[in-house]
Amino acid sequence: MTIPTNSDSTRTEGGVDTQLLPSPVPVQLIDHHGEAHPDARYALPDPQALLAGYARLISGRRINDQANALVRQGRLAVYPSSHGQEACQVSAALVLQSQDWLFPTYRDTVAVITRGVDPLEVFTLLRGDWHSGYDPYELHVAPQATPLATQLLHAVGVAHAAKLRGEDTVVLALCGDGATSEGDFHEALNFAAVFHVPVVFFVQNNEYAISVPLKNQSVAPSLAHKAIGYGMPGERVDGNDLAALLSVLGAAVDSARSGGGPALIEAHTYRMQAHTNADDATRYRAAEDVDKWIPKDPISRLRTYLRGLSLLDDAVEEQFAAEAEAVAAAIRVGLNADVEVDPQELFAHVYTQKTAQLREQADLLRDELSREAVQS
Amino acid sequence: MTQISERAAAPVEAPARPADPSAAESTARSAATAVTFAKALNTALADAMAADSSVLMFGEDVGPLGGVFRITDGLTARFGPGRCFDTPLAEAGIMGMAVGMAMNGMRPVVEMQFDAFAYPAFEQVVSHVAKLPNRTKGRVLLPMVIRIPYAGGIGGVEHHCDSSESYYAHTPGLTVLAPATVRDAYLMLREAIASPDPVVFLEPKKLYWSKEVVDLGELRRAFEDGSAPRTIGSAVVARSGTDATLIAYGPSVPTAMAAAAAAAEEGRSLEVIDVRSLVPFDDETVCASVRRTGRAVVIAETPGFASVAAEIVARVQERCFHSLAAPVRRVTGFDIPYPAPKLEHHFLPSVDRILDTVDELQWEDGQ
């Protein structure tokens with residue numbers, strides 16, 4: 001990906017700047033056999049960085065498994081799993097600096113936790129206690145978005161405000177392949193390009209929007225090809241290759257930070273599990289199709305690669321597994337405890353000060369609850 | 001999307017308010033002049049931008065052109081293209097970007113060029129502007145203002161005359177304001193921009209060129225030193241009366257005032273309440289008036305079914321039942337799409353229709 005130096009350079013007389021186009025095939029630095037392939041444009045990350053990333057993949061997989069179990073136990077209302085997409089999740093968090101912002105969706109729980117947000121605060125949403133549980137300003141993580149693509153515009157706004165103040169902030173905005181069909185996706189990319197703001201749009205193309213396959217969403221050569229229509233560079237990357245993701249996303253973030261403007265990155269990955277536990281994926285895809293992606297798993301290839309470098313052995317693996325288990329255990333313990341949510345909070349945050357009408361309604365509920373308490 | 005009509009109605013006189021002695025004094029000091037509703041809004045924006053560098057203004061054609069109604073006239077020249085600027089023609093984009101800017105320390109004011117052209121932004125307004133502060137338990141506040149030239153009476157083509165207030169008023173988390181006077185245009189816009197909560201600010205198009213003698217400098221001082229009374233959540237008695245209460249807001253206030261003046265000639269004393277703050281709603285002022293007069297008619301341009309007018313009727317009857325000598329009535333637009341220019345006068349609440357409705361308030365049955 002070649003980053004234009006300013007927004008005017010993307011329009012050329014009598015033609016288009018083909019340098020905005022993505023690679024013909026997704027960038028891959030470590031194949032699914034664990035073998036590294038040099039790339040002229042993207043350097044293989046430092047092995048120690050990959051080892052640290054590997055530990056986060058193990059933890060991310062464990063979080064996905066733990067959350068699925070907690071749904072079965074009735075402790076979480078629902079969980080949209082990122083099983084198989086952990087490399088996207090981990091890289092999205094690791095390429096950012098502390099002043100940067102992450103705009104996640106409902107499927108990006110692992111990315112939010114990898115960024116450092118307390119998992120129990122993250123699961124406030126999915127356990128049904130409140131619509132979001134963490135302070136977005138603490139680690140610059142927006143609330144997980146449930147509507148599709150609307151958050152991409154908020155990301156543009158955050159970046160625009162930062163740019164107007166001359167701050168050194170990059171915003172990484174996540175969405176899925178289905179969300180690229182939404183109007184807000186188009187408007188966000190266009191606004192980002194026109195205002196030349198530091199946003200990296202990161203599409204995790206996992207081939208399904210609930211039941212609808214990508215071919216029913218778009219017939220573009222790839223989702224990354226859409227970038228040229230906005231005058232921004234697009235790039236495609238193997239979404240199960242942590243090395244390629246760190247390198248490609250890292251380059252886009254660096255470019256945005258140095259005034260290069262926005263970019264669109266599409267990661268080719270696969271949703272290995274159903275949309276959520278409420279979905280039945282057997283109704284719309286064959287088990288054989290899912291099985292094809294098992295050898296492409298993001299963990300196994302990096303494990304082979306790191307073992308080949310002798311950076312990973314049984315002892316280190318045990319250590320990473322223990323760290324992941326500690327995270328899972330903390331989630332289990334935390335979610336097994338019942339949290340009382342004060343019903344008066346229903347009225348407390350609609351406006352900064354309760355209106356007279358909300359004061360009346362809060363009193364009504366308080367009276368009802370106090371009568372119930374007396375009766376019981 | 002095309003915007004065909006940039007034309008506002010011929011000048012109409014804004015309703016006079018009962019004389020305020022302090023205002024009269026400042027008039028005597030001669031800084032007061034005849035000011036249009038549009039100029040008051042323009043001055044409020046400029047004053048807010050001068051007072052706070054985080055206040056931004058953006059939308060469609062609001063830059064060098066100054067907006068199709070010229071409400072942002074001169075702001076780009078004075079404050080620069082970083083503070084007042086044109087965006088791509090996409091309302092959801094404008095709204096969503098404003099959300100992000102408000103999240104990140106700015107106080108954006110956005111202009112939706114016309115009422116019905118705000119609808120592409122509806123998801124952003126309902127799902128994020130209104131809900132993000134609650135979603136985050138107040139950790140993220142959205143101090144932003146959505147300015148919407150709204151309502152009809154200007155001979156506009158389709159999609160330029162909707163009374164869309166009920167959609168917004170129905171959405172918890174939004175403050176919804178509809179000024180009717182030049183003085184309120186200034187003070188309410190300043191207050192909206194200063195509010196920590198998101199505000200939908202409805203500007204009656206047909207009043208843009210109405211004039212009132214006000215001292216904008218005095219209003220600026222009164223707002224900035226805190227001596228101006230708060231307008232959000234506060235209705236006002238626009239005309240005192242004893243026999244029945246006309247409850248109106250925005251473009252319907254001058255019509256209600258004209259109806260009250262006509263009724264006075266017929267020997268009937270009508271009080272007029274200018275609601276001006278649809279959300280939060282001032283039950284106290286409205287109900288105090290209805291309890292005094294015993295009769296009420298709610299006037300609004302919007303189709304009446306499931307409308308703000310319907311809500312006001314319900315609230316008054318819930319609270320004032322034993323003070324009422326007649327059912328609370330409504331004079332609203334018909335439940336039809338906004339009509340073509342040659343037919344709109346049939347749709348809009350008129351003095352005659354208001355007076356006919358007042359006549360039907362069961363006067364023969366007592367009181």
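The chains referred to below are lettered A, B, ... by the order of the sequence lines, with proteins before strands, and numbering in each begins at 1. Model, not experiment: these values are computed from the prediction.
- To the nearest 0.5 Å, the span separating NE2 on A:H160 from CZ on B:F58 amounts to 7.5 Å.
- Looking at B:A98, there are no atoms closer than 4.5 Å to chain A (heavy atoms on both sides), in backbone or side chain.
- If you take OG1 on B:T87 and CZ on A:F191, they are separated by 4.5 Å, rounding to the nearest 0.5 Å.
- Counted within 6.0 Å of NE2 on A:H225, heavy atoms from surrounding residues, nucleotides or ligands total more than 12; the atom is thus considered enclosed.
- Contact count against chain B (heavy-atom pairs under 4.5 Å) is highest for A:R165 among A:R165, A:K163, A:H140, A:H131.
- Closest heavy-atom contact between A:V194 and B:P88: CG2-CG, 4.0 Å.
- With a 4.5 angstrom heavy-atom cutoff, B:S54 does not touch chain A via any of its atoms.
- By number of non-hydrogen pairs under 4.5 angstrom with chain A, the leading residue of B:Q124, B:E123, B:M95 is B:Q124.
- The parts of B:I94 that come within reach of chain A are both its backbone and its side chain, each placing non-hydrogen atoms under 4.5 angstrom from that chain.
- The environment of A:E167 atom CD is dense: over 12 non-hydrogen atoms of other residues, nucleotides or ligands sit within 6.0 angstrom.
- Rounding to the nearest 0.5 angstrom, the gap separating the CG atom in B:L89 from the CG atom in A:N190 is 10.5 Å.
- Contacts of residues 177-188 of chain A with chain B at a heavy-atom distance below 4.5 Å involve A:D184, A:E187, listed in sequence order.
- A distance of 10.0 Å separates OG1 of A:T355 from CG of B:D197, quoted to the nearest 0.5 Å.
- With rounding to the nearest 0.5 angstrom, the CG atom of A:L164 is 5.0 Å from the CE atom of B:M106.
- Taking A:F103, A:Y351, A:F195, A:Y134 one by one and counting their heavy-atom pairs under 4.5 Å with chain B, the maximum is reached by A:Y351.
- Pairs passing the salt bridge (Lys or Arg N to Asp or Glu O under 4.0 Å) check and including a residue from residues 123-148 of chain A, sequence neighbours excluded, read A:R127-A:D129.
- Interface residue B:R315: only side-chain heavy atoms are found under 4.5 Å from chain A.
- The contact list for residues 135-144 of chain B toward chain A, using heavy atoms and a distance under 4.5 Å, reads B:R135, B:T136, B:K137, B:G138, B:R139, B:V140, B:L141 by residue number.
- Across all their heavy atoms, A:A142 and B:M103 have their closest contact at CB-CE, 4.4 Å.
- Of the two parts of A:A145, neither the backbone nor the side chain holds a non-hydrogen atom closer than 4.5 Å to a non-hydrogen atom of chain B.
- Closest of all the heavy-atom pairs between A:P143 and B:L132 is CG-CD1, 3.9 Å.
- Under the 3.5 Å distance criterion, the side-chain polar atoms of B:N104 are left unmatched by any main-chain donor or acceptor of A:A161.
- For residues 337-346 of chain A, a heavy-atom distance under 4.5 Å to chain B picks out A:E345, A:L346, given by residue number.
- Contact annotation for B:F85: only side-chain heavy atoms (C-beta onward) come within less than 4.5 Å of a heavy atom of chain A.
- For the options B:G173, B:P280, B:S127, B:G82, heavy-atom pairs under 4.5 Å to chain A are most numerous at B:G173.
- Looking at A:Q357, its side chain does come within 3.5 Å of a backbone N or O of B:F281 through a donor-acceptor pair.
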